[in-house]
Amino acid sequence: LLQLQPPGRAQPLTPRGPAACYGTSITSAKIQVNGVHLHYQQTGEGSHAVLLLPGMLGSGQTDFGPQLKSMNKQLFTVVAWDPRGYGKSIPPSRDFPPDFFERDAKDAVDLMQALKFKKFSLLGWSDGGITALIAAAKYPNLIHKLVVWGANASVTQEDVRIYNGIRDVSKWSEKVKKPLEELYGHKYFAETCEAWVDGISRFAENSDGNICQQLLPNIKCPTFIIHGEKDPLVPQAHAEYIHKHIKGSR
């Protein structure tokens with residue numbers, strides 16, 4: 001991921017966000033964006049700004065603790081955010097209207113602009129990867145580079161079957177369940193997971209199960225797609241589809 005910044009080509013991103021002066025420490029703050037108070041963490045003082053986008057039910061801290069701690073703080077200014085209704089960006093409670101990915105994409109981009117970043121890269125996983133794809137397609141002048149993993153641009157009937165397999169959080173492994181129960185409490189965690197399954201399954205009713213397939217050709221920035229061979233939620237065909245439809249992606 002350090003190759004995101006080619007040597008000797010620093011991006012002129014000043015003025016940087018309010019936490020940039022803290023260097024290697026991690027700042028935790030909230031900022032009002034689109035009528036909600038979004039929580040974010042920020043670290044580093046590099047000229048290349050990077051936004052980390054968490055997956056379903058995730059937050060900056062639960063999903064990106066190692067990156068906040070270890071990404072190169074001279075090269076990068078790293079921001080990890082909690083989408084509305086997740087992590088510490090509560091209230092509001094999380095809901096899943098038909099446009100929730102577009103809403104997250106706008107919130108993410110507007111957050112970075114509120115922090116005074118002129119241009120930035122997106123690193124998104126799972127739902128955060130879908131959000132990053134939409135943001136890169138809709139705001140091409142703002143996005144420097146894009147890395148996604150565990151993302152999908154559509155939902156098949158097979159995907160719906162897989163999602164329903166995680167509907168009941170009591171069946172989750174302790175390792176995955178524990179940090180989220182500590183973050184949300186059991187009731188909010190369980191109810192939000194069920195609402196997510198219903199919300200994302202609705203895309204299967206669209207033509208071709210479309211989430212953002214039509215947007216992929218609009219992504220112009222350098223794009224790197226990663227996929228876990230043992231990903232239990234997202235079959236590899238999704239990563240191959242995204243690669244095929246983003247010109248020049250790797």
Applying side-chain contact (heavy atoms from CB on, under 4.5 Å), name anything that partners [X], two or more places apart in sequence or on another chain.
{"X": "Glu158", "value": "Thr156, Arg161, Ile162"}
{"X": "Ser173", "value": "Lys175, Val176"}
{"X": "Glu194", "value": "Arg167"}

Heavy-atom pair with the smallest gap, counting every atom of [X] and [Y]:
{"X": "Phe117", "Y": "Ala49", "value": "CD2-CB, 3.5 Å"}
{"X": "Leu183", "Y": "Gly87", "value": "CD2-CA, 3.9 Å"}
{"X": "Val148", "Y": "Gly129", "value": "CG1-O, 3.6 Å"}
{"X": "Ala151", "Y": "Ile130", "value": "CB-N, 4.0 Å"}
{"X": "Lys73", "Y": "Leu68", "value": "NZ-O, 2.7 Å"}
{"X": "Phe76", "Y": "Met71", "value": "CD1-CE, 3.8 Å"}

Kindly indicate whether the side chain of [X], heavy atoms from C-beta on, has any atom under 4.5 Å from the side chain of [Y].
{"X": "Leu111", "Y": "Val109", "answer": "no"}
{"X": "Met112", "Y": "Val79", "answer": "yes"}
{"X": "Leu215", "Y": "Leu133", "answer": "no"}
{"X": "Cys221", "Y": "Pro140", "answer": "no"}
{"X": "Val155", "Y": "Val160", "answer": "yes"}
{"X": "Phe120", "Y": "Leu142", "answer": "yes"}

#### Entry: Those residues that, when tested against His37, pass ring-ring contact (aromatic ring centres under 6.0 Å, His included) (two or more places apart)
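With sequence neighbours excluded, His37 shows a ring-ring contact (aromatic ring centres under 6.0 Å, His included) to no residue whatsoever.
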### Query
Mind checking what makes ring-ring contact (aromatic ring centres under 6.0 Å, His included) contact with Tyr163, not counting sequence neighbours?
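Residues passing ring-ring contact (aromatic ring centres under 6.0 Å, His included) with Tyr163: Trp196.
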Hey, could you give me the [atom1]/[atom2] distance between [X] and [Y], rounded to the nearest 0.5 Å?
{"X": "Ser59", "Y": "Tyr184", "atom1": "OG", "atom2": "OH", "result": "6.0 Å"}
{"X": "Ser154", "Y": "Gln214", "atom1": "OG", "atom2": "CD", "result": "11.0 Å"}
{"X": "Leu52", "Y": "Trp81", "atom1": "CG", "atom2": "CH2", "result": "12.0 Å"}
{"X": "Trp125", "Y": "Ile226", "atom1": "CH2", "atom2": "CD1", "result": "12.5 Å"}
{"X": "Ile211", "Y": "Phe100", "atom1": "CD1", "atom2": "CZ", "result": "7.0 Å"}
{"X": "Leu180", "Y": "His186", "atom1": "CG", "atom2": "NE2", "result": "12.0 Å"}

ILVMFWY cluster, [X] and [Y] together (side-chain gap under 4.5 Å):
{"X": "Met56", "Y": "Ile200", "result": "yes"}
{"X": "Val33", "Y": "Ile143", "result": "yes"}
{"X": "Leu57", "Y": "Tyr188", "result": "yes"}
{"X": "Ile90", "Y": "Leu53", "result": "no"}
{"X": "Ile134", "Y": "Ile246", "result": "no"}

### Query
Which of these, Asn72, Val78, Thr77, sits in a side-chain contact (heavy atoms from CB on, under 4.5 Å) with Leu75?
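The residue from Asn72, Val78, Thr77 that satisfies side-chain contact (heavy atoms from CB on, under 4.5 Å) with Leu75 turns out to be Asn72.
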### Query
With under 30° as parallel and over 60° as perpendicular, where do the rings of Tyr241 and His245 fit, or are they tilted in between?
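Tyr241 and His245: parallel rings.
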### Message
My understanding is that only residues two or more places apart in sequence, or in another chain, count here; which of them pass salt bridge (Lys or Arg N to Asp or Glu O under 4.0 Å) with Lys138?
### Response
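Checked Lys138 against salt bridge (Lys or Arg N to Asp or Glu O under 4.0 Å); zero matches.
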#### Entry: Residue pairs passing the side-chain hydrogen bond (donor to acceptor under 3.5 Å, both in side chains) test where at least one lies in residues 217-233, sequence neighbours excluded
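Every pair satisfying side-chain hydrogen bond (donor to acceptor under 3.5 Å, both in side chains) with a residue in residues 217-233: there are none.
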Let me have the donor-acceptor pairs involving side chains of residues 201-209, under 3.5 Å, with sequence neighbours excluded, atom names and distances please.
from	atom 1	to	atom 2	distance (Å)
Ser201	OG	Val197	O	2.6
Arg202	NH1	Phe96	O	3.1
Asn206	ND2	Asn210	O	2.9

Look at the side chain of [X] and the backbone N and O of [Y], then say whether any donor-acceptor pair between them is shorter than 3.5 Å.
{"X": "Tyr40", "Y": "Ile31", "result": "no"}
{"X": "Thr131", "Y": "Ala105", "result": "no"}
{"X": "Ser249", "Y": "His243", "result": "yes"}
{"X": "Asp63", "Y": "Gly55", "result": "yes"}

### Worked verdict on Phe189 versus Trp172 for side chain to side chain contact (heavy atoms under 4.5 Å, CB included)
CA-CA 12 Å; Phe189 169 45; Trp172 288 28; 3.7 Å; yes
### Message
Ignoring hydrogens and geometry beyond distance, is a side-chain donor-acceptor pair present between His39 and Ser89 at under 3.5 Å?
### Response
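Short answer, no.
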Does any pair with a residue in [range] pass salt bridge (charged side-chain N to carboxylate O under 4.0 Å, His left out), and if so which ones, sequence neighbours excluded?
{"range": "residues 79-103", "result": "Arg84-Asp107, Arg94-Asp104, Asp95-Arg103"}
{"range": "residues 241-250", "result": "none"}
{"range": "residues 179-190", "result": "Lys178-Glu182, Lys187-Glu191"}

### Task
Mind checking side-chain hydrogen bond (donor to acceptor under 3.5 Å, both in side chains) for Lys106 and listing every partner two or more places apart, or none if nothing turns up?
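Checked Lys106 against side-chain hydrogen bond (donor to acceptor under 3.5 Å, both in side chains); matches are Asp110.
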